[in-house]
There are 2 protein chains.
Amino acid sequence: MWSISHKVVIVNSELHHIHWFINLPSSVMKRMQHTCDLKSCFLCRRCLPEWIPAVGAHQKNRHYRKGELIFAEGDAVDGIYFLYKGIVKVHKRWGDKQLILHFAGVGDMIGYRGLGENRTYPVTASALDDVIVCFIDAAFFEATLHANHQLTYSLMQFYANELQAAEQRMRNLAHMEVRGRIADTLIMLSRRFGQNSEGALNITLTRQDMASYSGTTYETFFRVLSELARKKIIKLSGKRISILKQDKLAELTAYS
Amino acid sequence: MWSISHKVVIVNSELHHIHWFINLPSSVMKRMQHTCDLKSCFLCRRCLPEWIPAVGAHQKNRHYRKGELIFAEGDAVDGIYFLYKGIVKVHKRWGDKQLILHFAGVGDMIGYRGLGENRTYPVTASALDDVIVCFIDAAFFEATLHANHQLTYSLMQFYANELQAAEQRMRNLAHMEVRGRIADTLIMLSRRFGQNSEGALNITLTRQDMASYSGTTYETFFRVLSELARKKIIKLSGKRISILKQDKLAELTAYS
DNA sequence: CACAAAATATGATTTATGTCATGTTTTTAT
DNA sequence: ATAAAAACATGACATAAATCATATTTTGTG
């Protein structure tokens, strides 16, 4: 009996996801709203209750139109942002090329890369959609860290995880073949943004942006995507990408 | 008088070390000794005085011979290490290739990459020399973090810096040409390990290891090194590499 | 000290991936 | 609605860097 439903799940990762959504803990559900409620974000969930009013007093909502920059590589660090609506791409430039480090979605922090010793943003953050963020200036954020040990500890863990992921990607950029990195990108998009009941990713990006995340050119990305579609591992319809065989995709990210 | 001993020093890298040692600021001096004195390391310098005895009780000195592994990629995380003697290379494998992430020297931490959510080391640490470390088990280290806010804050900041550096290298692996990455490697070695008065790096590594740090093959590394030597930007004599024109090297790491 | 193993040196060859060129379709802005 | 600008699609071609092959030198070890 289980083997049967098992099969359904594999073929249709859609149902799987709806199920997941319905069962979200209310704490996460609340994160879906469009402005700060002083309860849901990474920061508020880890602050002492008596500190929360101060957060309320310092927090500012900001809005950006599609294409606008939230900050640019080299800008002085002004603070940290929590994303409440839209998608933001975080990237580094090299001449006329770019490497995208992160597609930030609702609930994600932005600007945390500027909190080390170098007080200038090492990346650019640009709105891929209309975006709403909650902004907290650096001085108040630092005061918050000093007043809330639990937040500092969580942020430390967060950075540790990010570092681990970054170094994994370094290895992939150095040694994995492009096909593997592209498969990795698709898997990441599926994991972070989910798929609908037909297997289609719940996010649409330009091919250029997905290529820039994979560390390759548009043309190579396009060719590999076509190849995967030919092999029925994915399905393409316009901007929408559906993952048909997650396992085959995962195989491509393994050494052989 | 000093200039004379200076000259002696150069020829004999033994003596050279002594000289260097003598001129270090006292804060750094203390870090140079071969075992923990409960005062000098990243951890002790940031702990509350009343916590130090606990550190003393938990800290263990360990010794590794050249070539030995301190831990391997995939191993369960046991704790964190502070390096008191020798050089350790920290690397990730991909089939029969590797990417070196870090050459740890005296005073550096090792194993901190294992402190995120994934409790297995994402890297291998191997001794390039005879090595002495101070080991602190993960459970006690976490207790220490919870008891010492300043340490947690510093570690957070440390991770933030590492993340920034890692993402810079990601960009370089994706878009910079090999020549630039190799120049970058030489500059990093100079900055981290210093040069003697003739410009020679105070560290000797195999070409393969330097290539693996640069994200390329031995052959390509060798060819670029020869080219740089031909252009008198560096000088090669056996394993020793001297940097003659730091500025030319820096130019190679810029976009053109 | 000798001898095996590792590291170095270098030319020849291959290949994966980037670049260029061109046309079409889709999106965005007026 | 329509023009201009992005984004998409694909074939042809170029090339940086990897791979392969082979000889030499250095280093570590019984």
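Keep in mind that the numbers below use all heavy atoms, side chains included, and drop hydrogens, waters and symmetry copies. Keep in mind that what you see is a predicted model, and the values were worked out from it rather than measured. Residue numbering restarts at 1 for every chain, and letters A, B, ... go by the order of the sequence lines.
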Euclidean distance, atom CZ of residue A/Phe222 to atom C1' of D/dC8 [Å, nearest integer]: 7 Å

Rounded interatomic separation in angstrom, taking CG from A/Asp129 and P from C/dT27: 14 Å

Parallel, tilted or perpendicular, as decided by the 30° and 60° cut-offs, for the rings of A/Tyr81 and A/Phe71: tilted

Nearest-angstrom distance from the residue atom CG of B/Leu228 to P of C/dA9: 14 Å

Between A/Lys92 and B/Gln168, a side-chain donor and acceptor under 3.5 Å: yes

Under the salt bridge (charged side-chain N to carboxylate O under 4.0 Å, His left out) test, residues paired with B/Glu227 that sit two or more places apart: B/Arg179, B/Lys231

Side chains of B/Tyr159 and A/Glu162, donor plus acceptor under 3.5 Å: no

SB check A/Lys85 A/Asp130 (cutoff 4.0 Å): no

Lys NZ or Arg CZ of B/Arg62 over B/Phe135 ring: under 6.0 Å, within 45°: yes

A/Arg207 CZ to D/dA7 C1', straight-line distance once rounded to whole Å: 10 Å

Base D/dA18 paired with B/Tyr218 side chain (donor-acceptor, <3.5 Å): no

Between the protein and nucleotides 25-30 of chain D, are there any N/O to N/O pairs under 3.5 Å, and if so, what are the atom names and distances?
| unit_1 | atom_1 | unit_2 | atom_2 | d |
| --- | --- | --- | --- | --- |
| D/dG28 | OP1 | B/Lys66 | NZ | 3.0 |

Protein-nucleotide distance (B/Trp94, atom CH2; D/dA18, atom P), rounded to Å: 16 Å

Distance-only side-chain donor-acceptor flag, B/Tyr84 / B/Asn61, under 3.5 Å: no

B/Asp96 CG to C/dA6 P, straight-line distance once rounded to whole Å: 15 Å

Letter per nucleotide, 5' to 3', of nucleotides 12-22 of chain C [B base touched, S only sugar-phosphate touched, - untouched; heavy atoms, 4.0 Å]: B----SBBB--

Nearest-angstrom distance from the residue atom CG of A/Leu128 to P of D/dA6: 15 Å

Geometric cation-pi criterion B/Arg169 and B/Tyr213, 6.0 Å radius, 45° cone: yes

Single hit among B/Glu198, B/Lys235, B/Gln195 for side-chain contact (heavy atoms from CB on, under 4.5 Å) with B/Ser242: B/Lys235

Rounded interatomic separation in angstrom, taking CD from A/Glu227 and P from D/dG11: 14 Å

